[in-house]
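Single-structure report; data block below.
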Amino acid sequence: MLICTENAQNSKRLSKIDFTAVLNLLSMAIDRFVLLHQKAEAEAMRRSEEFKTALLSSISHDMRTPLAAISASASSLASYGEKLPEASRKDMLTIIQDQCERLNRYTTNLLNLGRLQAGISPDQLESLDLLEMLGSAVNAVKLHHSGREIIISLPFDSCTVRANPVMLEQLFYNILENAVQYSPETAPVLITGHKQAGRVEIAISDQGYGIPASELTRVFDRFYRSAENVRKEGHGLGLSIASGFAQAFGGKVAAHSPLEMGKGTKIVVKLPVSPSPSESIGR
């Protein structure tokens with residue numbers, strides 16, 4: 001009986017020790033979880049502040065020039081409009097119109113950036129004709145660059161994807177605008193592509209100076225601009241937004257450069273193909 005009593009006491013003592021050890025481990029795990037959560041929040045806050053700083057810097061830098069041009073032209077027209085030659089008045093009105101369009105592009109990209117930050121829900125997507133959206137983007141670019149030749153050479157007549165119409169058109173517009181901006185005025189922009197295994201690829205190629213190999217993975221970063229292009233118009237958001245939209249649609253965007261003789265860039269958009277409305281009904 002004495003041995004049994006001692007064994008029972010030892011068992012209770014061990015159980016108490018085990019329970020205390022488990023509690024200590026749980027306490028340590030909770031403390032570690034809290035610390036990791038606090039660290040993650042601090043990191044998220046730091047990135048958010050960096051993003052806000054970069055955004056404000058971009059806005060103040062890139063909007064200053066068009067606003068100054070609009071202000072100067074409008075002031076001249078208001079003060080000396082009747083005394084200025086007709087050609088000068090037309091030039092100033094053209095400057096105002098062009099710079100307003102430039103501001104509109106900046107604002108559109110900033111709004112799209114906000115959409116990506118907020119997240120794109122599935123109910124914002126619908127079945128779309130990819131070629132129709134691509135054609136709309138091409139027409140929009142030609143309005144701003146009427147002399148630029150854009151060649152479309154696709155081996156299919158229709159393709160349905162699941163996307164948001166405004167965002168999909170903006171995706172193609174941003175890539176096309178980038179191709180036009182960073183290539184010679186006389187060089188055409190080529191659009192090619194193919195469909196296979198439930199996916200479609202659209203490639204937009206230019207004949208510009210190309211992208212150094214060290215920068216290929218960075219061209220889709222927000223606000224990133226290479227040293228060679230830092231003086232050109234833009235704020236480094238176009239390709240980043242295009243990539244973000246593609247990811248929201250279940251696809252991705254990739255850059256290939258150089259293409260020939262050390263020049264040229266090809267941006268490839270890869271998206272999943274969805275059944276067309278008629279095919280869905282047939283099923």
Side-chain angles (χ1 to χ4, degrees), residues 51 105 108-120 122 124-125 128-138 140-141 150-154 156 159-183 189-226 229 232 234-259 263-274:
F51 170 74
R105 292 196 295 272
T108 298
N109 272 336
L110 292 174
L111 289 173
N112 286 330
L113 189 61
R115 289 170 177 164
L116 287 173
Q117 286 286 106
I120 300 172
Q124 293 179 274
L125 310 182
L128 300 170
D129 184 340
L130 181 143
L131 298 185
E132 182 180 341
M133 296 294 100
L134 178 59
S136 296
V138 169
V141 171
I150 300 177
I151 303 171
I152 302 177
S153 179
L154 297 173
F156 48 88
C159 180
T160 304
V161 296
R162 187 81 177 164
N164 177 279
V166 175
M167 297 175 188
L168 183 58
E169 181 179 336
Q170 190 68 46
L171 184 161
F172 288 127
Y173 179 91
N174 284 4
I175 297 174
L176 286 165
E177 177 73 16
N178 194 77
V180 168
Q181 185 176 359
Y182 295 109
S183 61
V189 172
L190 178 62
I191 302 175
T192 58
H194 66 274
K195 288 194 298 183
Q196 64 176 17
R199 298 188 72 81
V200 61
E201 291 188 9
I202 300 296
I204 298 174
S205 306
D206 63 53
Q207 299 178 33
Y209 293 106
I211 303 172
S214 59
E215 299 183 12
L216 279 175
T217 58
R218 300 189 63 190
V219 294
F220 299 108
D221 292 346
R222 291 171 182 167
F223 305 108
Y224 181 77
R225 301 181 68 192
S226 67
N229 297 326
K232 287 185 175 288
H235 38 45
L237 283 176
L239 291 183
S240 173
I241 290 171
S243 178
F245 282 162
Q247 291 177 27
F249 305 151
K252 61 181 180 179
V253 180
H256 304 274
S257 186
L259 302 180
K263 293 185 177 182
T265 298
K266 178 168 66 176
I267 304 296
V268 181
V269 181
K270 301 179 181 180
L271 296 172
V273 174
S274 64

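Heavy-atom minimum distance, Val141 versus Glu177: CG2-N, 4.2 Å. Across all non-hydrogen atoms, the minimal contact from Val273 to Cys159 is CG2-SG, 4.0 Å. Heavy-atom minimum distance, Gly264 versus Ser257: O-OG, 2.8 Å. The shortest heavy-atom contact between Ser153 and Leu190 is CB-CD1, 4.5 Å. Taking each heavy atom of Ala246 and Leu171 in turn, the nearest pair found is N-CD1, 3.6 Å. The two residues Arg199 and Gly250 have their closest heavy-atom pair at NH2-O, 3.9 Å.
The CZ atom of Phe220 lies 4.5 Å from the CD1 atom of Ile267; values are rounded to the nearest 0.5 Å. Separating the CG atom in Leu130 from the CZ atom in Phe249 is a distance of 10.5 Å, to the nearest 0.5 Å. We find the CG-NZ distance between Asp206 and Lys266 to be 11.5 Å, quoted to the nearest 0.5 Å. Rounded to the nearest 0.5 Å, atoms CD1 (Ile211) and CG (Leu239) are 7.0 Å apart. Ser205 contributes atom OG, which lies 9.5 Å from atom NE2 of His256 (distance to the nearest 0.5 angstrom). Annotation: the span from Leu128 atom CG to Glu169 atom CD amounts to 10.5 Å, rounded to 0.5 Å.
Annotation: side chain of Met133 is in contact with side chain of Pro165 (closest heavy-atom distance under 4.5 Å). Looking at heavy atoms from C-beta onward, Leu154 lies in side-chain contact with Leu134 at the 4.5 angstrom threshold. For the pair Phe245/Val253, no side-chain contact is recorded, criterion being any heavy-atom separation below 4.5 Å from C-beta on. Within the 4.5 Å cutoff, side-chain heavy atoms of Ile202 are placed close to those of Phe172.
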Start with the C-alpha gap between Leu176 and Ile204, add the side-chain angles, then the distance that decides, and say whether side-chain contact (heavy atoms from CB on, under 4.5 Å) holds.
CA-CA 7 Å; Leu176 286 165; Ile204 298 174; 3.8 Å; yes
Begin with the C-alpha distance, continue with both residues' side-chain angles, and end with the deciding distance and a verdict on side-chain contact (heavy atoms from CB on, under 4.5 Å) for Val138 and Ile191.
CA-CA 10 Å; Val138 169; Ile191 302 175; 3.8 Å; yes
Between Val200 and Val161, is a side-chain contact (heavy atoms from CB on, under 4.5 Å) present by the stated rule, with each step listed?
CA-CA 9 Å; Val200 61; Val161 296; 4.1 Å; yes
Under the side-chain contact (heavy atoms from CB on, under 4.5 Å) criterion, do Leu168 and Leu271 qualify, and how do the steps go?
CA-CA 11 Å; Leu168 183 58; Leu271 296 172; 4.0 Å; yes
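By the neighbour-count criterion of 12 heavy atoms within 6.0 Å, atom NZ of Lys195 is densely surrounded, having more than that number from other residues, nucleotides or ligands.
Side-chain polar atoms of Ser243 and Gln247 form a donor-acceptor pair below 3.5 angstrom.
Thr160 places no side-chain N or O within donor-acceptor distance of the main-chain N or O of Asp129, the cut-off being under 3.5 Å.
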